Amino acid sequence: MTKSRATAVLASVYIGIVLLALLFVPATARGQSPLDTIKITEWAYKWDSQGTGFDETQAPANTDGWMTANEKGDMPVKPEGVSALWLKIELPRLEWDEPGMLIGKLYGHRIEVFTDERKIYKAGHTYVYDKNRLLIPLSAKDSGKTVYIHIETNSDRIGLQKNVKVGDYQALLPGYVKTNLTDVLLGCAFVFIAVLMLICTVFLNRGQLAKWLSLSLVILAIGMLMIGSSQFTYTFFEDQGKWIESLFDLALFVFLPTLTVYFEQILGHGTWSMLTKYRWFQIGFSVLCILFLLVNHLASYRYDKVYYFVTVTMLGVTMLIQFVLLIGMAIAHAAKGSKDGVTLTTGIGLFAASGIVDLLVFYAKNEQYEFVYWKFGIVCFVTSLIIILGRGFARDHEKIVRYSKELVMYNNELQRAEKMEIISDLAASVAHEVRNPLQVTRGFLQLAAEKLDQKEKGYMNMAIEELDRASNIITDFLTFAKPQLEHITSLNVCQELKQIEGILVPLANLQGGEITLEVPEDLYIEGNSSKFKQAFINIIKNSIEALDGQGQIRIWAYKEKNEVWIHIRDNGEGMETKELSKLGEPYFSTKTKGTGLGLMVTFRIIEVMHGRLEFKSEKGVGTEAIVRFPLILG
C-alpha cells in the first residue's frame, strides 16, 4: 500500500469514527435535557471548619449558618484553613417509579450524600482531579425531603456549580453514561491514527522521518489529552483515575515541545531562531515536569500543591508564551501567500487562539474553569493538517509525473548522444579513407569523358554527379564528426541572415515560395560565419522543399533576457509528432533520397556555438524552427 493510500485510509477511519460519535451519541449526551426531568436551580451551603462528616452516619442536625446559592453564580470562595463544605438541596415531589438525581458538576475529592437520616452515596479519591458527575438513585419515600451533601477537597475549589436534575432514573442514565463520550471517541480516533503513523515510520527515509514522527507524536498526545480530560473516564474508571491523570499530564508535557518541533519542520530552523531556542526551553521544562510527576507519584501525592504550581500555573504561562509566538509566526507565514501556508496558519491560529482564550478565562476565574475551546481548536488544527497532507500528496504525484517525463526525455537524449558518438567516430575514421579514392576516380572519369561521344558522355556526367553527391555526404560526415569552429568572431545576426536570404531567394522562387526577413540590426552572437550560414541554409532549404506550390517562409529574430531568438516558420506540409521527435537522428529524413545528415550537422553546429534548436510542427499547417544563442554586446 502506498503512503498516499495509507493516509487516505487513516483519514477515512478518523472521519468515520467522528461521524459515528456524532450520530449515535443521543441528545442527552450533548447537553439536552430529557423531557421528564425537573431542574433544580437553587441550593444552600455552609462551611464545615472541623472537616467532620466523611465518617459520620448522618447529616448535620442544626440549621444555622446556611447560605443560598444558585447555578447562575460562581462557586463560593473557600476560606483559609477550611477544606470541607455542606450542601443542602430541597427535593421536589418525586412522581417517578424509579426516581434519581443527576448532579452534572461537583468539585471535591471525598463526597457523602444523605437524605435526612440515611447515607445514600459515598466516594473518594486522593489524586488531583476533583470534578465529579453523580447519578444518585432515590426512593419515592424521599419526595419533598432534603438532600445533604458533604464534600472535602485537597484543592482550592469546592462545591456545586450547575446542572442538578431530578427525574426518572432510567431517563437520566443515558445522559450520565454518555456525557463526554464524544471526546473519548475522538481521542481514540487520534490515538489510532497516531499509532498507525508511528508504525509507518519504519518505511520512511531520514529526510521524511523528523516531520512524520513529530506529527505522529502531536496527534498521539492530542488523543491522550482528549481522553484524559473527559469526565467520562474519571466517572467510570474512578479507581484508575490517578493513572489517567498522570497520562494526561505526560501527554501535555510531550505535546508542547513536539508541537514546536513540528513547526520547526514546517517553517525551517534558520528563519525562526527564536522558536528553536524556545523549543530547547520547553524540552527542559517538560523534563522537569515529568520528574515532578514521578516524585509526586512515588510520594503518594504528598507534594500536590507544589506539583500543581509547577505543572499548571507555571506551565500555563509557558503555554501562553508559546501560543502567542505561534500565532505571530502563523501570521508572518501566511503573509507569504502560499496555499499551504494559509491553511496551516489558519488551523494553527485557531488552535492557538482557542488555547489563549481558555487560559485567559482560567486565570480570570481564579483557576476555577474547565477548558472547553481548545478541543474545537484541535479539530481545526488536525483538519488543516489533513488538507495540507492531501495537497502534499497531489504535489508529490505531479512531481512523479514530471520526473517520469524528464527521465524519458533524458533517456532519449542519452540514446541520441550515444548514436551521435558512434556516427562521429565512424565518420572520422571512414571519411578520410573514402574521400581520396573518390577524388581520384572522379578525375579519371573526367579524362575518359573527353574521348566519348555525346550519348556516352551524358552517362559519364551522371556518374560524376553521383560521385560529387557522395563527396558532399562525406563532407557532411566530416563536419558532423569535427564541428570545431575556426575563426570565431562576433556575428551580426541581421547581416548573416540577409546574406543567406540572398543565396536562397532564387531557390525559393523556383518552388513558388517567398522569404520575408524581420531582424533588428543590433543582435550579436559569437560564432563562425561559414558554419552559421551552413546551419541556417540547411534549415531554410528544408522549409523551401516542404512548400507545396505557393508558400511563405518567415524569418524573424529578437532578444529576450540574455539570448537571441531566431524563428523560421513555413506554411508547408508539416510533420506529425512522431516524425518531429526523430529530427536530428542518424539516417532519419522525410525526403525520399535524404540521409538526415543535413539536420544532424545543423544540430551539431548550433550545439558547438552554445545554442539550442527545437522544432514545432503540425501536419498540414507548417513547421517552425526556433534557435537560441547567447547574446553578446556588439
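The model shown is predicted, which means the values in this text are computed figures rather than measured ones. Keep in mind that the numbers below use all heavy atoms, side chains included, and drop hydrogens, waters and symmetry copies.
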Inset, instruction - List the atom of Ile40, the atom of Pro92, and the distance in Å for their closest heavy-atom pair. - result: CD1-CD, 4.1 Å
Legend entry - Polar side-chain atom of Asn132 near backbone of Leu106 as donor-acceptor pair, under 3.5 Å: yes
Legend entry - Any Leu256 side-chain heavy atom under 4.5 Å of Met319 side chain: yes
Inset, instruction - Take Val184 and Thr233 through the test side chain to side chain contact (heavy atoms under 4.5 Å, CB included) and record every step on the way to the result. - result: CA-CA 8 Å; Val184 176; Thr233 53; 4.1 Å; yes
Legend entry - Test side chain to side chain donor-acceptor pair (under 3.5 Å) applied to Ser155 - qualifying residues, sequence neighbours left out: Asp130, Thr153
Legend entry - Phe285 CZ to Phe253 CZ distance, which is reported to the nearest 0.5 Å: 8.0 Å
Inset, instruction - Might you point out which heavy atoms bring Phe248 and Gly228 nearest each other, and give the distance in Å? - result: CD1-C, 3.7 Å
Legend entry - Spatial distance of atom OH (Tyr176) from atom CD1 (Ile136) [nearest 0.5 Å]: 9.0 Å
Legend entry - Short side-chain donor-acceptor distance under 3.5 Å, Thr260 and Gln322: yes
Legend entry - salt bridge (Lys or Arg N to Asp or Glu O under 4.0 Å) partners for Glu42, two or more places apart: none
Inset, instruction - Return the minimal non-hydrogen interatomic distance between Gly175 and Arg133, and the atom names on each side. - result: O-NH2, 3.5 Å
Inset, instruction - Determine yes or no for a side-chain-to-main-chain donor-acceptor pair under 3.5 angstrom, with Thr318 supplying the side chain and Leu315 the backbone. - result: yes
Legend entry - Minimum heavy-atom distance Trp43-Lys88, with the two atoms named: CB-O, 3.4 Å
Inset, instruction - Supply the atom-to-atom distance Met224 CE to Leu250 CG, rounded to the nearest 0.5 angstrom. - result: 9.0 Å
Legend entry - Within 6.0 Å of CZ in Phe281, more than 12 heavy atoms from elsewhere: yes
Legend entry - Reported OG1-to-NZ distance for the pair Thr41 and Lys165, which is rounded to 0.5 angstrom: 13.0 Å
Legend entry - Heavy-atom pair with the smallest gap, counting every atom of Ser139 and Leu94: O-CD1, 3.5 Å
Inset, instruction - Show your working on side chain to side chain contact (heavy atoms under 4.5 Å, CB included) between Ile111 and Leu134 and close with a plain yes or no. - result: CA-CA 10 Å; Ile111 301 168; Leu134 309 179; 4.2 Å; yes
Inset, instruction - Would you mind reporting whether Pro79 and Trp47 have side-chain heavy atoms less than 4.5 Å apart? - result: yes
Legend entry - Those residues that, when tested against Tyr307, pass side chain to side chain donor-acceptor pair (under 3.5 Å) (two or more places apart): Asp249
Legend entry - Within residues 182-201 or reaching into it, pairs that qualify as salt bridge (Lys or Arg N to Asp or Glu O under 4.0 Å) - sequence neighbours excluded: Asp183-Lys375
Legend entry - Verdict with supporting geometry, Glu152 and Ser83, side chain to side chain donor-acceptor pair (under 3.5 Å): CA-CA 6 Å; Glu152 287 190 56; Ser83 62; 4.8 Å; no
Inset, instruction - Please tell me if the side chains of Leu85 and Asp48 come closer than 4.5 Å, counting only heavy atoms from C-beta onward. - result: no
Inset, instruction - Apply the side chain to side chain contact (heavy atoms under 4.5 Å, CB included) test between Tyr121 and each candidate in Leu135, Val113, Thr115; give the one that qualifies. - result: Val113
Legend entry - Non-neighbouring partners of Glu95 that pass side chain to side chain donor-acceptor pair (under 3.5 Å), sequence neighbours left out: none
Legend entry - Set of side chain to side chain contact (heavy atoms under 4.5 Å, CB included) partners for Val295, sequence neighbours left out: Tyr303
Inset, instruction - Please work out which of the three classes, parallel, tilted or perpendicular, describes the rings of Tyr148 and Trp66, given edges at 30° and 60°. - result: tilted
Inset, instruction - Using a 4.5 Å cut-off on heavy atoms from C-beta on, say whether the side chain of Met226 contacts that of Phe190. - result: yes
Inset, instruction - Please report the shortest heavy-atom distance between Cys289 and Val310, naming the atom on each side. - result: SG-CG1, 4.2 Å
Inset, instruction - Output the distance between atom OG (Ser230) and atom CG (Leu181), rounded to the nearest 0.5 Å. - result: 7.5 Å
Inset, instruction - Mark yes or no for whether Asp168, through its side chain, and Ala171, through its backbone, hold a donor-acceptor pair below 3.5 Å. - result: yes
Legend entry - Close side-chain approach of Lys78 to Arg157, heavy-atom, < 4.5 Å: no
Inset, instruction - Please examine the side chains of Glu112 and Lys119, heavy atoms only from C-beta on, and report whether any two atoms are closer than 4.5 Å. - result: yes
Inset, instruction - Indicate yes or no: at least one non-hydrogen side-chain atom of Ile103 is less than 4.5 angstrom from one of Leu160. - result: yes
Inset, instruction - Decide yes or no on side chain to side chain contact (heavy atoms under 4.5 Å, CB included) for Ile89 and Ile149, but give the supporting numbers first. - result: CA-CA 8 Å; Ile89 299 174; Ile149 304 175; 4.0 Å; yes
Legend entry - Trp96/Ile38 under side chain to side chain contact (heavy atoms under 4.5 Å, CB included): CA gap, chis, key distance, verdict: CA-CA 11 Å; Trp96 301 276; Ile38 298 176; 3.7 Å; yes
Inset, instruction - Please confirm whether the backbone N or O of Leu293 pairs with a side-chain atom of Asn296, one donor and one acceptor, at under 3.5 Å? - result: no
Legend entry - Distance (rounded to the nearest 0.5 Å) between Arg279 CZ and Thr258 OG1: 10.5 Å
Legend entry - Test item: Ile120 and Phe114 side chains (from C-beta on) under 4.5 Å apart, heavy atoms: no
